[in-house]
Structure formats: structure tokens, C-alpha cells
Amino acid sequence: MSRYNFKDVEQKWQKAWDEKNCFQASEDFEKPKCYVLEMFPYPSGRIHMGHLRNYTIGDVIARFKRAMGFNVLHPMGWDAFGLPAENAAIAAGTHPGDWTYKNIDAMRDQFKPMGLSIDWNREIATCSPDYYKHEQKMFLDFLRAGLAYRKESWVNWDPQEHTVLANEQVIDGKGWRSGVPVERRKLNQWFLRITHYAEDLLEGLKELDRWPEKVRIMQENWIGRSQGAKVLFHVASSEGTDLSADIKDSLPESRLEVFTTRPDTLFGASFCALSPHHPVTTALAKHDPALREFIADCDRLGTSEEAIETAEKRGYKTYLRVAHPFIKDAFLPLYVANFVLMEYGTGAIFGCPAHDQRDLDFARKYDLPVQAVVAPKEEDPAAFTAHMAESKEAFTGDGLLINSDFLNGLTVQEAKITAISHLESQGDGEGRIEYRLRDWGVSRQRYWGCPIPIIHCPDCGIVPVPDSDLPVTLPEDVDFSEPGNPIARHPHWKYVKCPKCGKDSERETDTFDTFFESSWYFARFCSPKVEDKAFDAQAVDYWLPVDHYIGGIEHAVLHLLYSRFFTRALRDCGYLKISEPFAGLFTQGMVCHETYKSPDGQWISPDEIYRDDAGQWRQNKDDALISVGRSEKMSKSKKNVVDPTYIIESYGADASRLFMLSDSPPERDMEWTDSGIDGAWRYINRLWRLLSEPNTPIAEKNAPKPESFSENSETALKAIHKTIAGISEDLEKYHLNRAVARLRELTNSLSSLHGKEDPVGDGWVLRHGFEIISHLIAPMMPHLGEEIWTYLGHQDLVAQRPWPQADAQYLIEDTIEIAVQVNGKKKTTIQLPLDAQKEHAESVAMADAAIQRALKDKNIRKVIVVPNRIVNIVIG
RNA sequence: GCGGACGUGGCGGAAUCGGUAGACGCAGCAGACUUAAAAUCUGCCUCUCGCUUAGAGAGUGGGGGUUCAAGUCCCCCCGUCCGCACCA
């Protein structure tokens, strides 16, 4: 008996799996398949605890499904384009490519000791031209299909990273990576028409029943569908004079287009308002210095949360007015207002103060009429109208229409429909659905990304690079000594002849947003080696969709939405047949750790401190007391990180994996503790000791099964089979912490067998138990599983063996213990045969001493017996 | 403001077709082994009262309700966390 030597053991089995190609996905497309994928890592250079957790969870699922008989695809790749590589190039003078590939090698070396069941033959790196040439082709197909377009537009400019950000990458008005407030800039940008699929993306969410509700709701909110109407208002000047030419030009048919979700409230409208960036505003501002000043004021206001919260609703009254569509000769004043966004709807609104809080605030400030048009059912219309005329709170509830001519008496819902049909018959508008979702801007002014395969010709304009000239590869010789995009100033890379007319032209120097690569990599894994096309049709049809996609919640709207869009776009371009890339999604929690601060308020790392005899935390260098802060996500800035590689080297992969799976449910945040990893290591040793102890009476390999067992060994035998059934269910449901608890219970149960009363039975049950355990722990602790199996005299690999089946005869107990309650309070428990008659249960309960005591001198009103569950005696 | 999740011992968490609350582990305490320590093993470990035996009572954020029976279902409140946010 010796301490479990994880170093030798883990290396040995990793080599064995490798030599037998245990994890290579089979090309047999007849077998039932299971595609297990963790979100692929960015090659930062070092793995972190989040990776350890992510890949451990995924590996449990992959190994379990493989044992269940599925043909499992479990690949690994690298999300290899991105800014850190360029920043490293700027800081250290290395080439981004060298930096990236070096990091990939380093991280692969750190992943391998984890013992993951990955098919490394399918490894891909997205920065390789073999990969990105296919996405250049995809982009050109999107362009042909009208799913990609170029337009000049206001963009989110990150002044620190010198590049544009997508809306999804702006958090609280700041860049998602830099944290610097974004600026507005007008640039020519490539967009992907994700809005074309807004409805489909929303609809599709309903089918994703193996996605967390939370993620579905987040995507639903992000797409932000609102049903309403487009209303066209005739515009006139207040004095009745003709409109100037430039205003007319900015208005189609001299009419102002407004989007509303409340066409039912049109009779309560008291003003219209334009965005400061509306074309009409721009036209008016040309001749109006005061308006120009107002617009500049609006632009100065930040887009941050606090700024919006505290910002006053301000308006600038123009000399224009609009005609009410339903009331003859009635006009509404036209304002420019700071709260109207050009990005949403039509950039213009009508205001109905009585039924919208923001409109009411605005009306009170500028002294505009407040006319109630919806009243709660029980209210008197006249009284309610009078009340609303003075109210400071808008009424947004349901009710019946009042003061609204032909809409009077209708419900809000009916009034919406009626108002829209009136608008349509008058030609003044129509029903319309708006989405919050914007098209995806994919141009980035950076080097380390996939070049956009476009040539700008002075005569022909935008010319796609011919398919035969793909890939457009990045130039190797680039200079990072100046800020900005080095390919834009490369001496010759961008100068080419126009493929159409042969004239001197320039290449597009922008590269794709790196979310482009991660939007289709899961499909590339199905056939990573095909060169002439992105994927083999038969392979993607077989493997996709991904059955288990595992990663952090932070991609709920970014990567996961883009991938869903991309899959639809690829479907429509004939690349594949499915619409949804990920049938099952699992979002894991973060790995957290306590935080520590030294007396001078600096963050300090866990390995700079120790615990003194009194249990106080002190700093190593000067024994100063330190303050312990709350547990937070591991991050370099807070110095509360623990290096997984160090942990694997000290405790082994199995112990590290076990700790990742113990205690906390995988979807919840977990806390890293030293005692936790110690506990996992102790369990492994305990199990190994139990197995290898000389006085553990394990039966010989082919010992026959005894005819009968002692009560103890019978109990243990039942425990074994209940554990098989329990863990199988737990793994299906991602209840990994419970599966670990069950393993420990079974271990405890086996450790009570000493072979003293029933040497033959105990010995047989122990062997059986360890053989089963070797299989049950294999998804979580694969090396230990193999080692136990081999120790028991077997030659083959657990990794290639089927999952054990629970024997039904051991799942049933013939005696059960149930509780006896008096008035719903448990008084005692009794033993009963399974499925005992009610009368029998009642008489056993009544005979119990504790029940007798509780019932003394009391009236029994009734007795409730639920077979195999409970006896409840009601006294009065 | 809108949307969502969560709240159980000192801690992580079990238990949700309503039916024995606290599985499993961590920390802690006591003991065994040891010259000693580590490791290991055994026992205790929700709270209160109690002759510390027997037992009794309370208890799953707070309050109310449904029920023979509520951590679990319903209503109201409190708290924590997350997402979105001038979206017309």
C-alpha cells in the first residue's frame, strides 16, 4: 500500500489513450452521434481556472456519452485572431503570428496534462489562412446574397484600440475590452444584415428548449421586437409659408415618418419630436445657429448610464408643425428633442403625454396640453380626463378609449387595430414591426484579423476579390511603431490592379471583427481537413448541431447570437441545412476566490500570505495583518488568481478535476479554496487505499457470484446499483456535484465491508463495487478509473468500455422506513414492508411507543396513510 | 424604470410529481495511533430548553394563505446578484 502516485499514473494513461486513438471521432455516419464542444479558448498564453472548469465539465459529458455508445466529436481549437497579439507586438516587438502560435503551443502543453478526451487531430487555429480563406469566400457569398453591404455610418470608435466596435461590444458606453468611453465617428463600414433574420432569430429561440431560460430571454430582449405602426405626418411651416428645398429633400413626399407602439393614443398627441441627428434637423440647422448649438449640447451629453439617468428632457421648438392625421385642421408643434434616438425606429416620435411618462415630463416642461384618451374601465371618462390634465403621472395601464372620436369605447388592443386600418385607408401609415437589433458592423481597423476580400477601384467601385485569388493573406512584414492599422501604411500590400478593368486600385485594409471566426468554427470541426471548401456536406449534416455547447454566460448575446445568425446565412447560401447551431447550451459559473488587501490598500495574491496560529491572515514579507475581502471572480487585477497548471502538478489532474466538480453546481459560481482541493486529493487517496490495502478482502478476478449474501453485503450491493442509476441520471442532467456526492457515499458504503462475517460475499461485492466505481468515476477522474480497473486485473481500457447498467433487482428494497406524523409533525419512523396495506401501516404506527405517548388522552380525528410515503395522524 | 435569478447549519451545498429538512463535503471539537508532528482512523457537529439520560419545542429571508402535510404551491414584503435601458 502506498500513496497514490498520480504523476506516473496520469502520464501512463494519457499515453495509452493516445496510442489507441481512444478519442478520435469515428467517420461512421450510421452511428448515433453526440457533438460535445466547449467554447474554444483565446490563446492568451496561459490557461486559467475558468478553462479548467469549462473543459472538465465538457470532458465529463464527452466521456459519459462515449461510454453510452455515442460516436462523440469532442474537438479543440484556438480563437487566434485578436488585439492582445497586436498589443504584444507593440510592447515586445514580436510578430502577432509568432506570439499567437507560441501561446497556442504553451496552452496545448497545459491542457494535455488535464487528460481531456479530445480528438486533437481536428485542432484548428482561426488565424491560419487554411481557416480564414473559407470565411473570405463566405463573406463574398453573403455579399452576392445581399447579406453584406457597405455604408457610411456613425460608429462606436474606441480611441484606445483605434478601432470600431459593434453595438454588442459597447458596455455602458465604454469599450468592452478597453473600458474607455467610445466616441461617435462617421466611417465607411461593412455590415452583415443580421436584421434580415430578426424574426427568425426570435422564433428560433422558442425551439431551443435545451438552452437556459436566462440566455433566451437576454437574446429576446436584445432583438427587442415591438409591434406598432408607422404614421406619416404632413409637415408645414407654422406661418403657412412654403418649405425650403432642403427640408423637402429630407422628407419623402413632405411627410414625416414616425414609429409608435401606441397608435391607439393618436387622439391624445400633443407634439412631435425629431432626433438631433434626423435629416430634417440637419436641414433646419443649416439656417438656424441656435439649433446648431442645441444639437452640439445634445452630442456633448455622454451615453453612460448615469448621464442618461440624470439628463433633463430638453426640446427645441422648430418653426415647423405637422398635421394631425385624424383631426382636420389640427396641428402639432414639431420639436427637436434630446431623448429621441436616430438609431431606433425612424428617429422621430409623436408624444402622447397622458399615456407616456417621458412625454408627460416633456409636456409639463413646455406647457403642452395633456389629453387623456384611455381611461380605466371603472373610471368616469370626464372625471378621469380632468384628473389627467393635472396629473404628474402618466397612465399606461389598460382601459377603454375616450375623447377619441371613432375609437371611443374600444379596448386598447382593438383601438390599435382600428387606428392602423384607418391610417392605411387614408394612406397615412401602416402597421409595422420594429426591432432593437442593429446590423452587425464587422470592419475593424486592425492588423491581426482576417482581411476583408474587397478591392476599391476608382472606376468600378467596390470589386470583390475573385474566388480564384483567395485567400487574401496578411502581409508578414509589418511595422507596429506607429498607432493605427499597419496594413493601411504597408508599402505595397494594398496596391493592386482592379480584377475587372485592370486599373490601379487599392485593397480594403480593414479586417473582420474576430467574432466572425467564432461564428462558424463549430462547423469547421466537422471536417477540418477539407481544403477546397469550408466543410464537407455529409460531415456537417451528420455532426451538427452541437449537442452540448459549454461556456460562460458572457457570450449570451455576442457570440451566441452571431453564430445563430451566421448559421442561417450559411444555410441560405447553401453551405448547410440547419438553422440552429447549438441544440443544447450549458452556461457554467465563474471560479471565484477570496480577495486580500495589505494594510496600505494594495491587492495581494494568495501565495503572499499565511495563516498564523490564531487563525489570522498575515503577509509573508512583514507579518502585517491583512484584510480579507469578499470572494470575487479570479482576475489578475485583484491578484486573486490560482494557476491551474501549478495545481495539476501538485495534486494531479484527477484531484483538480474532482474539485472543479464537487460541491457547487456547475451553472453556479464556485469558490476556489485550498481545503477544497485538499479534500479532493484526500478522497482519491482514500479510495486507492481502500482498494490496495492488504486486508481489504477483494475476491479473485473470476470468483463466482455467491448464491446469497449477508445483510451487509446485500446492502452494499444495492448501494452499488443505486449509484449506477443515480449517477447516470445526474450526468444526463448536469448534476455533477451530486454525482460526486454519490461516489463518496458508495465509497463509504464499501469501506464498511471487512469480510469478517461474510468473507465470500463481501469479497465478491467489493470486487464488483470497485469494478463499477472504476467506470463511474472515469468521466470525472479518468486516470484513476483506468488505474483501478487495471489493478483489478483487467487488460482493456475503461475509456473504451461501455457504461455500466444498473441491475433492477437491486434497486428495489423490500423494507422501507417511513415517517409517522401527528398533526403534520414527525414523531417517529417505522419499518414497513414495501407496498404494505394501509391498515397494516396504521396499526404499526399506532403501536409505536412515541406515537402512543403523543396520542395520550387525545381524540383521533382521522389517519392519513400514503403507502410507502407517510402516516399522518390528525388529532383534535 | 423593465426583465430575470437567487435567499436552507459556521461554510459549499442535498432534498422541488407537496410527504422523515440538512445527503455529500469543508471548517471545527473530542478521542485513538505516535516520543512528537503529519497522515490515517473513530465519534460529535441547526438552534433553544432539559436531571446533557429520556425527551420537548423552534427552524429553510420576513409576513399571510391553501393543505392532513409546505424549503417545495399562491399572495404581499425585504435583501443579494445579473442582464437591458431616453426603444417611442
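Residue numbers start from 1 in every chain, and the chains themselves are labelled A, B, ... in the order their sequence lines are given, proteins ahead of strands. Bear in mind that the values here come from a model prediction, so they are computed numbers and not experimental data.
Pairing of B:A30, defined by two Watson-Crick or G-U wobble distances under 3.5 Å, is identified with B:U42. Taking a pair to require two hydrogen-bonding distances under 3.5 Å in either a Watson-Crick or a G-U wobble arrangement, B:C84 pairs with B:G1. Base-pair partner of B:G71: not found among the strands shown (Watson-Crick or G-U wobble, both distances under 3.5 Å). Under the Watson-Crick or G-U wobble criterion, with both distances below 3.5 Å, B:G55 is paired with B:C49. Using Watson-Crick or G-U wobble geometry with both donor-acceptor distances under 3.5 Å, B:G79 finds its partner in B:C6. Of all nucleotides present, none satisfies the Watson-Crick or G-U wobble test against B:C17 with each distance under 3.5 Å.
Against RNA chain B, the stretch residues 863-872 of chain A makes heavy-atom approaches under 4.0 Å through A:I864, A:V866, A:R869, A:I870, A:N872.
As judged by a 4.0 angstrom heavy-atom cut-off over every strand, A:Q357 is placed among residues making no nucleic acid contact. Residue A:V340 is classed as a base contact, given a heavy-atom separation below 4.0 Å to a base. Across all strands, A:D678 comes closer than 4.0 Å to no nucleic acid atom at all (heavy-atom distances).
Only the C1' atoms considered, B:C33 is 8 Å distant from B:C41, to the nearest whole Å. Taking atom C1' on both nucleotides, B:G55 is separated from B:C17 by 36 Å, rounded to a whole Å. For the P atoms, the distance linking B:A69 with B:A58 amounts to 14 Å, nearest Å. Between B:G61 and B:U80, the two C1' atoms lie 11 Å apart (nearest whole Å). Separating the P atom of B:C74 from that of B:G7 is a span of 14 Å, rounded to the nearest Å. B:A5 and B:U66 are spaced 27 Å apart, taking the P atom of each and rounding to whole Å. B:G13 and B:C51: their C1' atoms are spaced 38 Å apart (whole Å). B:G12 sits 15 Å from B:C6 when the C1' atoms are compared, rounded to a whole Å.
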Are A:F659 and A:W672 close enough, and set up right, to give a side chain to side chain contact (heavy atoms under 4.5 Å, CB included), and what steps lead you there? CA-CA 9 Å; A:F659 178 49; A:W672 176 271; 3.3 Å; yes
Kindly determine whether A:H593 and A:M634 satisfy side chain to side chain contact (heavy atoms under 4.5 Å, CB included), including the steps that lead there. CA-CA 6 Å; A:H593 194 284; A:M634 283 189 181; 4.0 Å; yes
For A:R861 and A:N823, what are the C-alpha separation, side-chain angles and deciding distance, and is it a side-chain hydrogen bond (donor to acceptor under 3.5 Å, both in side chains)? CA-CA 10 Å; A:R861 285 227 295 244; A:N823 279 357; over 6 Å; no
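The side chain of A:R682 places an N or O atom within less than 4.0 Å of a non-bridging phosphate oxygen (OP1 or OP2) of B:A27. Between A:T261 and B:C87 there is no side-chain polar atom (N or O) within less than 4.0 angstrom of OP1 or OP2. Contact annotation: A:N685 does not reach the phosphate of B:U40 (side-chain N/O to OP1 or OP2, under 4.0 Å).
One interatomic measurement links the two molecules: CZ of A:R432 to P of B:C87, which rounds to 18 Å at whole-angstrom precision. What separates CG of A:L341 from P of B:C87 is a distance of 7 Å, to the nearest Å. The distance from atom CD of A:E220 to atom C1' of B:C87 is 15 Å, rounded to the nearest whole Å. For the pair A:M590 CE and B:G12 P, the computed distance is 16 Å after rounding to whole Å. Separating the CG atom of A:N221 from the P atom of B:C2 is a distance of 13 Å, rounded to the nearest angstrom. A:L743 places its CG atom 20 Å from the P atom of B:G13, with the value rounded to the nearest Å. Atom CD1 of A:I553 and atom P of B:G4 are 15 Å apart (whole Å). Rounded to whole angstrom, the span from the NE2 atom of A:H593 across to the P atom of B:C11 amounts to 19 Å.
In this model, no donor atom of one side chain and acceptor atom of the other lie less than 3.5 Å apart for A:T595 and A:N640. With hydrogens and angles left out, the side-chain atoms of A:Y316 and A:N338 include no donor and acceptor closer than 3.5 Å. Neither side chain, A:S662 nor A:Y683, offers a donor N or O lying under 3.5 Å from an acceptor on the other.
Glycosidic conformation of B:G9: syn, with the torsion inside 90° of 0.
With the nearest nucleotide of RNA chain B identified for both A:E213 and A:R668, A:E213 has the one nearer the 5' end. Closest-nucleotide positions on RNA chain B for A:D669 and A:N823 were compared, and the one nearer the 5' end corresponds to A:D669.
The aromatic rings of A:Y366 and A:Y335 sit tilted relative to each other, their planes meeting at an angle between 30° and 60°.
With B:A21, B:G3, B:C24 as the choices, the nucleotide that has an atom nearest any side-chain atom of A:N748 turns out to be B:C24. With distances taken from any side-chain atom of A:K214 to the nucleotides B:G13, B:C82, B:C86, the minimum falls on B:C82. You'll find that the side chain of A:R744 is closest to B:C24, out of B:C24, B:C84, B:U20. Comparing B:C41, B:C24, B:U20 against the side chain of A:T829 picks out B:U20 as the nearest. The side chain of A:A741 has B:C24 as its nearest neighbour among B:G13, B:C24, B:A88. Comparing B:U20, B:A88, B:A85 by their nearest atom to the side chain of A:R358 picks out B:A88.
Side chain A:Q821 to base B:U20: no donor-acceptor pair is found below 3.5 Å.
A:T673 places a side-chain N or O within donor-acceptor distance of the main-chain N or O of A:G676, the cut-off being under 3.5 Å.
Counting heavy-atom neighbours within 6.0 Å of A:Q837 CD, excluding the residue itself, gives a total of 12 or less. Residue A:K633 qualifies as open at atom NZ: its count of foreign heavy atoms under 6.0 Å is 12 or below. In A:Q831, the CD atom is crowded: over 12 heavy atoms of neighbouring residues, nucleotides or ligands sit closer than 6.0 Å. Other residues, nucleotides and ligands contribute over 12 non-hydrogen atoms within 6.0 Å of the CZ atom of A:R364.
The residues A:R314 and A:D297 are annotated as salt-bridged, a charged nitrogen and a carboxylate oxygen being separated by less than 4.0 angstrom.
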Report each atom pair, protein N/O against N/O of nucleotides 54-65 of chain B, whose distance is under 3.5 angstrom.
residue: B:G57; atom: OP2; partner: A:K827; partner atom: NZ; Å: 3.4

